[in-house]
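Please read through the structure below; I'll follow up with questions.
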Amino acid sequence: AKSSRPASGVLTASLISLLENRVLAATPIGRVSNGWARYTALITTPHRLPATLNNRLVITTGDPLDSGSTIWFAQVSLFPPTYDHVANGFRVDLMQKLAALHPGYFRIPGGNYLEGATIATRFDWKQTIGPVIDRPGHDNTAWGYWSQDGLGLLEWLELAEQLHAQPVLAVYTGYSLLGEVVPRAQLQPYVQDALDEIQYAIGPTSSYWGAQRAADGHPAPFDVRMVEVGNEDNLDPSGSYNAYRYPAFYDAIRAAYPRLKLVATSPVSTRPMQILDEHFYNDDPAYFVEQAHLFDHVSRRGPKIIVGEYAATQGSPTGTLAGALGEAAFLTGIERNADLVIGASYAPLLVNVNSPTWPTNLIGYNGLTSFGSPSYWVLRMLSSGHGQRVIGSSLSAAGSHLFEVASHGRGRTYVVVVNDGGAATRIAVRLNGLRGGATGGTATVLTGDPAASNSLADPGAVSPTEHGLGKLGATFGYTFPAYSVTVLALRTT
């Protein structure tokens with residue numbers, strides 16, 4: 001804040017109820033001078049004040065109206081308590097939902113946001129670091145809104161760190177959505193920009209960008225082990241990714257950071273592919289059911305695969321149970337082939353239900369609360385319902401609507417079964433090699449009307465239930481409901 005001349009009064013921040021037109025809480029901020037200064041204050045609301053969208057922040061001054069003073073505000077920001085109490089942090093309810101998924105990695109930043117519709121409107125990471133007030137923001141042409149970049153590169157990295165997930169750092173490689181491509185002769189500054197970005201993330205504080213990271217409040221390097229070279233470069237019809245863009249970034253990053261693994265976003269032949277990012281979208285859940293065995297017979301001599309984006313785009317702003325069932329069938333195949341497919345992530349992750357820019361998303365929210373879609377519950381069940389190693393499993397004469405994967409570790413055997421058919425199916429479960437069988441455990445089941453979805457008004461319309469299991473032995477029968485995902489978590493030795 002800054003005044004045109006010294007103000008005689010003190011600024012006060014008040015929280016006012018729009019419905020009741022009364023002050024709920026107020027606190028003094030400080031006396032304004034005629035130079036720019038930062039003011040902070042803590043507004044403590046009354047105990048048990050109900051959460052609402054009908055309050056507003058009002059800043060007032062004790063100066064009389066005719067004093068001739070003018071006060072300018074460069075930025076006004078009001079935060080509730082944040083996750084882990086981090087300044088410029090994240091909403092507690094959204095972070096709790098993400099933490100419950102036990103994410104293994106985050107692409108930072110993910111998807112089209114990285115490249116923008118044009119080169120000029122790409123995610124220019126250097127403009128997103130430092131004090132929030134100094135960040136100019138940018139026109140997020142990929143999704144059609146202005147981004148203030150309060151969520152910048154540092155915050156993306158901190159998001160992964162707070163959730164104990166590996167950040168997969170994405171670097172811009174000279175291609176944007178409307179088809180702009182940086183010519184070969186002009187590519188080097190973008191290569192250097194990528195090297196600078198990696199240095200900001202993992203460089204020592206003795207390096208230029210490592211020192212900048214420390215100045216921004218995070219001296220320790222982040223746990224970046226993979227760098228994704230671009231995003232969906234298979235959509236570039238020019239062939240420049242294979243011809244010169246991927247080779248230029250590959251050579252430079254490998255030379256500077258040989259321990260990092262590189263993720264290609266389109267098949268290439270001009271340089272080795274360590275990891276290939278493949279995306280899967282379809283509005284028909286049956287498509288994902290058909291892909292359930294896609295990776296069963298893929299050669300292990302090629303690159304590893306990461307399914308960086310997938311979604312059955314049925315329903316809006318979040319999806320249906322039918323879409324989640326198709327995805328669950330697909331995910332059983334991904335987990336069965338964990339030696340090849342190193343990760344998978346639903347996209348997009350979050351949507352403001354009052355302003356969706358993509359039809360089907362994982363978690364919906366407004367300014368007050370949030371909910372998980374059926375696809376969210378599938379991921380939550382599968383992320384909790386697996387062991388340290390996949391074990392052999394098969395279905396014999398159980399019908400074409402069943403899909404399975406099994407894993408074991410730490411005294412638990414997990415059996416995941418997806419039934420996307422309209423009839424309950426009873427099958428015999430045989431735990432081969434476990435003479436004592438299962439001494440107990442739990443069954444977690446997600447089922448319901450395939451057309452059903454969740455919403456702010458009914459966040460639990462489709463949500464899992466859990467019940468205990470007694471001693472089952474080495475062979476037992478179990479009925480898997482119609483339109484269901486079931487995770488059996490069995491106590492075994």
Side-chain angles (χ1 to χ4, degrees), residues 103-112 114-115 160 165-175 187 190-191 194-195 197-198 201-202 223-282 287-288 290-311 327 330-347 386 389-390 405:
Y105 72 96
F106 272 97
R107 292 168 65 215
I108 297 173
N112 296 341
L114 171 71
E115 55 199 336
Q166 273 189 43
V168 177
L169 186 63
V171 296
Y172 179 74
T173 57
Y175 167 75
L187 190 63
Y190 296 90
V191 175
L195 294 174
E197 183 176 2
I198 296 169
I202 66 174
D223 184 27
V224 175
R225 306 178 194 180
M226 291 188 286
V227 170
E228 183 155 11
V229 184
N231 174 70
E232 291 186 344
D233 288 277
N234 57 300
L235 301 179
D236 172 19
S238 72
S240 64
Y241 189 71
N242 185 45
Y244 67 86
R245 291 193 293 113
Y246 182 81
F249 284 86
Y250 180 93
D251 291 347
I253 296 172
R254 290 288 292 169
Y257 302 98
R259 294 185 178 180
L260 291 178
K261 295 182 179 179
L262 301 187
V263 182
T265 68
S266 179
V268 293
S269 58
T270 51
R271 292 295 186 277
M273 276 195 300
Q274 296 174 298
I275 304 167
L276 177 63
D277 183 0
E278 296 191 344
H279 296 176
F280 296 82
Y281 291 104
N282 201 286
Y287 165 83
F288 288 92
E290 293 166 359
Q291 307 303 316
H293 296 281
L294 174 66
F295 299 109
D296 288 352
H297 306 293
V298 172
S299 171
R300 268 49 179 176
R301 296 181 179 179
K304 300 289 187 181
I305 302 295
I306 189 169
V307 179
E309 299 179 19
Y310 77 86
E327 295 160 358
F330 179 55
L331 290 172
T332 63
I334 286 177
E335 186 175 334
R336 275 198 315 275
N337 293 279
D339 64 314
L340 172 69
V341 187
I342 63 174
S345 43
Y346 188 103
H386 69 84
R389 59 186 179 90
V390 175
V405 63

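In this text the structure is predicted, and so the values were computed from the model without any measurement. Below, each value reflects all heavy atoms present in this structure, side chains not excepted, and no hydrogens, waters or symmetry copies.
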Ile198 side chain reached by Leu169 side chain, heavy atoms, under 4.5 Å: yes
Side-chain donor-acceptor pair present, Asn231, Thr265, cut-off under 3.5 Å: no
Sidechain-backbone polar pair: Asn282 side chain, Tyr287 backbone, donor-acceptor under 3.5 Å: no
Shortest non-hydrogen separation from Ala170 to Pro109 and the atoms involved: CB-O, 3.6 Å
Where Ile275 and Ile305 come nearest, the two heavy atoms and their spacing: CG2-C, 4.4 Å
Residue pair Ser266 / Leu276: nearest heavy atoms and the distance that separates them: C-CD1, 3.7 Å
Distance, nearest 0.5 Å, that separates CG of Leu195 from CD1 of Ile253: 6.0 Å
Sequence neighbours excluded, every pair satisfying salt bridge (charged side-chain N to carboxylate O under 4.0 Å, His left out) that has a member inside residues 240-252: Asp233-Arg245, Asp236-Arg245, Asp251-Arg271
Residue pair Phe106 / Ala165: nearest heavy atoms and the distance that separates them: CD1-CB, 3.9 Å
Any donor-acceptor N/O pair, Asn242 side chain to Thr270 backbone, under 3.5 Å: yes
Partner of Phe280 under ring pair (Phe, Tyr, Trp, His ring centres under 6.0 Å), chosen from Tyr346, Phe330, Phe288: Phe330
Side-chain donor-acceptor contact under 3.5 Å, Tyr241 with Thr173: no
Contact summary for Ala311 and Ala347, nearest pair of heavy atoms: CB-O, 3.4 Å
Salt bridge (charged side-chain N to carboxylate O under 4.0 Å, His left out) partners of residues 252-269, not counting sequence neighbours, each pair once: none
Student check: side-chain heavy atoms of Ile342 and Met226 closer than 4.5 Å: yes
Donor-acceptor pair, side chain of Glu309 and main chain of His279, under 3.5 angstrom: no
